[in-house]
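The structure under discussion appears below in the form of structure tokens.
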Amino acid sequence: MEILYTQTREEGSQKAYELIREALDNGAKVFGLATGSTPEGLYKKLVESDVDFSEAVSVNLDEYVGLPGTHEQSYRYFMEQNLFNHKPFKESYVPNGMNEEKAEIEHYEAILEKYPVDVQILGIGHNGHIAFNEPGTPLNSLTHKVELTQSTINANKRFFEKEEDVPRQAYSMGLASIMKAKKIILLAFGEDKAQAIKDLVTATEPTEDIPSTVLVNHPDVIVIVDEAAASLIK
Ligand code: GLP
């Protein structure tokens, strides 16, 4: 696991942008994308650039169950606003939160099989979750339906009018699905991510209590942090 220390969120987003660009120039075709506030700076840089994804495919990590893609808080909507409307991909996949569980899980795993991810972008939750894989998720999990923890509901309620509006479930790529990506770039900015970053980079082996630690066994992971997120490891 390589750690790239940057000063600011802006610098970290720039680094991530350069890595995506380099991967695309080197023939990467399938990009695993994440939502949340963390990758917003990266998406902004991609939108402002002349990067061309028209021959590439994107596959997103997760989606709230029960929200249609037209809902402002759905992850499909977030991706359209922040990236897809400005930089269209040949095909873009986000789990369908309105689809029935079994059908959606099978459908999404089939997509991942057809389009193995070359570069996966990840954020990280306060409790070490990646995508919506909460603590306790089996390390060998594939795409599945998740019950969100109170910690995640609290963290995400800022995007909704009131806490009761935050969906309680999500469809998420599993930890083993994420591990299949050839290259993984995890971004973490801000002091509130410092503990999660410490838990990740000091782990010597994966533990289900901290889902991000599954990455310890991946051969090509780059963790990009700003000063605040690195404050407990430096
Ligand atoms: C959500 C998403 C994750 C994301 C995390 C952190 O729960 N499912 O993919 O990494 O939140 O979000 P943020 O980047 O807004 O801190």
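Numbering of ligands and ligand atoms starts at 1, following listing order.
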- Message: For ligand 1, which is the ligand I care about here, please tell me if A131 has any N or O atom under 3.5 Å from one of the ligand's N or O atoms.
- Response: yes
Q.
So, regarding T152 and ligand 1 (criterion: nitrogen or oxygen to nitrogen or oxygen, under 3.5 Å), is there a contact or not?
A. no
- Can H129 be said to touch ligand 1, with heavy atoms closer than 4.0 Å? yes
For ligand 1, note which part of [X] has a heavy atom under 4.0 Å away: side chain, backbone, both or neither.
{"X": "A34", "answer": "neither"}
{"X": "N156", "answer": "side chain"}
{"X": "F189", "answer": "neither"}
{"X": "D62", "answer": "side chain"}
{"X": "R158", "answer": "side chain"}

- Query: When you look at L215 and V223, which way does the side-chain contact (heavy atoms from CB on, under 4.5 Å) test go after all the steps?
  - Reply: CA-CA 10 Å; L215 303 176; V223 176; over 6 Å; no
Q) Hey, is E48 close enough to K44 for a salt bridge, meaning N to O under 4.0 Å? A) yes
(Q) Assess whether a salt bridge exists between K45 and E10, defined as any Lys/Arg side-chain N lying under 4.0 Å from an Asp/Glu carboxylate O. (A) yes
Could you note down all residue pairs passing ring pair (Phe, Tyr, Trp, His ring centres under 6.0 Å) where residues 36-76 supplies at least one of them, sequence neighbours left out?
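Of all non-adjacent pairs touching residues 36-76, those that pass ring pair (Phe, Tyr, Trp, His ring centres under 6.0 Å) are F31-F53, F53-F89, Y64-Y75, Y64-F132, Y64-F160, Y75-F132.
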Here the gap from L33 atom CG to T35 atom OG1, rounded to the nearest 0.5 Å, amounts to 9.5 Å
Contact check, side chains of K180 and P116, non-hydrogen atoms, under 4.5 Å: no
Note to self: Please list, in number order, the atoms of ligand 1 under 4.0 Å from a heavy atom of S37.
What the structure shows: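 Near S37, meaning under 4.0 Å from one of its heavy atoms, ligand 1 has 13 (P), 14 (O), 15 (O), 16 (O).
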